[in-house]
Amino acid sequence: MAEDVGSTVPRRQLGRALRELRTEALMTLDGAAEALRWSRQKVWRIEGGAGAVHGLDVRLMCELYGVRRPLADALTALAGETRAKGWWHSYGGSIPRWYDLYAGLEATATRLREHATALVPALLQTREYATEVCQHRVAGTGDERDCLVEARLRRQDLLSRRLPPPPRLDVMLSEAVLLRVVGGAATMAEQLRHLLTVGRLPHVTIRVAPLAAGLHAGAIAGAFVLLDFPPGSRIESEPPVVYRESLTGALYLDRPAELAAYEKIWASLDTLALDEEQSRRLITKIIEEVHQAEWVSRASR
């Protein structure tokens, strides 16, 4: 029976980090292998996320590349997750906050499919909306919350980057996301107008799952993101990943049965959601009849 090496997510994240550290240390693959007295194939497999990794090997690589202790400890801990059958990343744990695991996956994906049930997705948030969300999410100083907002806004640069081409972003919004007031009526009106603007980009689609659709598979599944990746240099391309986030951490799923289940949910959302033009009309209607009307009412008092 073949060994179950578990989730590919920590392996590919660890490999990407070690490859970048080697490059920053101005070392070639062959040079690193010679210095470590390993085969070139071993270094290549670790950097390519091709299998589980021993913590001692990561520690030796970090020493060779001159990596500081906090990051070396974090990467060694990540190596311990490379045999996990499912992978839970806990915020504020052994991996430093600035070592953003999901952002690394997001930046290398060729397609992102996001189902949002409660809030506008981070890639589509305005500064005011993001600031309000982070106020509720982070228990810390104002500076810490400001840093989180800035990091969230910087992530949005991938939608306008030139090289590599930006990923395709397909978003399914629950109608409840459009109706929920975050930061006040004016903030919501601005946020929904931003959705209309971004939704006209050639690589972005925004569709709405109406509340009138009732209970459906997507409502039961909740919010998630499906990430697809480009073919690599290996024979097999990197498998897709399902990302699910909570207040304290995030779950990464990439087993075939898990992926199949979420692909089925996405297909059901594709069937029941309004098309792009219908969605734009609904968003415009909610701006005019709900948020903008409320803002005008408050301003006249």
Side-chain angles (χ1 to χ4, degrees), residues 1-90 93-111 163-164 167 227-243 249-259:
M1 182 179 295
E3 180 187 12
D4 183 354
V5 295
S7 172
T8 67
V9 177
R11 286 186 269 139
R12 74 177 76 168
Q13 288 298 103
L14 177 61
R16 184 178 296 116
L18 290 171
R19 184 169 60 251
E20 291 175 354
L21 289 168
R22 173 176 59 77
T23 301
E24 290 173 4
L26 303 179
M27 297 194 72
T28 64
L29 192 67
D30 290 325
E34 182 178 355
L36 292 164
R37 298 185 179 180
W38 295 349
S39 68
R40 185 181 192 277
Q41 180 75 1
K42 178 174 179 177
V43 179
W44 178 82
R45 283 179 58 83
I46 291 175
E47 291 187 358
V53 184
H54 293 291
L56 179 59
D57 288 344
V58 173
R59 185 70 67 181
L60 291 173
M61 295 173 82
C62 287
E63 289 178 1
L64 177 63
Y65 304 150
V67 178
R68 293 184 178 181
R69 181 65 179 270
L71 179 55
D73 289 346
L75 294 177
T76 302
L78 187 55
E81 302 289 346
T82 59
R83 292 182 182 274
K85 293 184 178 181
W87 195 46
W88 177 265
H89 167 50
S90 177
S94 59
I95 311 256
R97 268 188 199 172
W98 42 264
Y99 188 64
D100 193 335
L101 297 166
Y102 175 73
L105 291 174
E106 184 179 72
T108 57
T110 53
R111 187 185 184 193
L163 291 174
L227 301 95
D228 295 294
F229 301 93
S233 57
R234 291 169 289 168
I235 296 176
E236 295 184 1
S237 60
E238 290 192 40
V241 171
V242 176
Y243 173 80
L251 183 63
Y252 298 81
L253 307 170
D254 60 358
R255 288 178 171 274
E258 295 165 339
L259 295 171

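What you see is a predicted model; the values in this text were computed from it and never measured.
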With sequence neighbours excluded, what pairs up with R111 under the side-chain hydrogen bond (donor to acceptor under 3.5 Å, both in side chains) test? D170
Rounded to the nearest 0.5 Å, how far apart are SG of C62 and CZ of R69? 11.0 Å
Check whether any side-chain heavy atom of [X] sits under 4.5 Å from a side-chain heavy atom of [Y], and report yes or no.
X: Y65; Y: M27; value: yes
X: R12; Y: T108; value: no
X: R59; Y: L64; value: no
X: V9; Y: Y243; value: no
X: L75; Y: L14; value: yes

Locate the shortest heavy-atom distance separating [X] from [Y]; write the atom from each residue and the value.
X: F229; Y: T110; value: C-OG1, 3.8 Å
X: L21; Y: L71; value: CD2-CD2, 4.2 Å
X: L253; Y: L259; value: O-CD2, 4.0 Å
X: P167; Y: A109; value: CB-O, 3.4 Å
X: V67; Y: A72; value: CG1-N, 3.8 Å
X: P240; Y: D254; value: O-CB, 3.5 Å

Among R22, R19, R16, find the one that has a side chain to side chain donor-acceptor pair (under 3.5 Å) with E47. R22
Can W38 and I46 be said to form a side-chain contact (heavy atoms from CB on, under 4.5 Å), step by step? CA-CA 12 Å; W38 295 349; I46 291 175; 4.0 Å; yes
Greater than 12 external heavy atoms within 6.0 Å of Q41's CD: yes
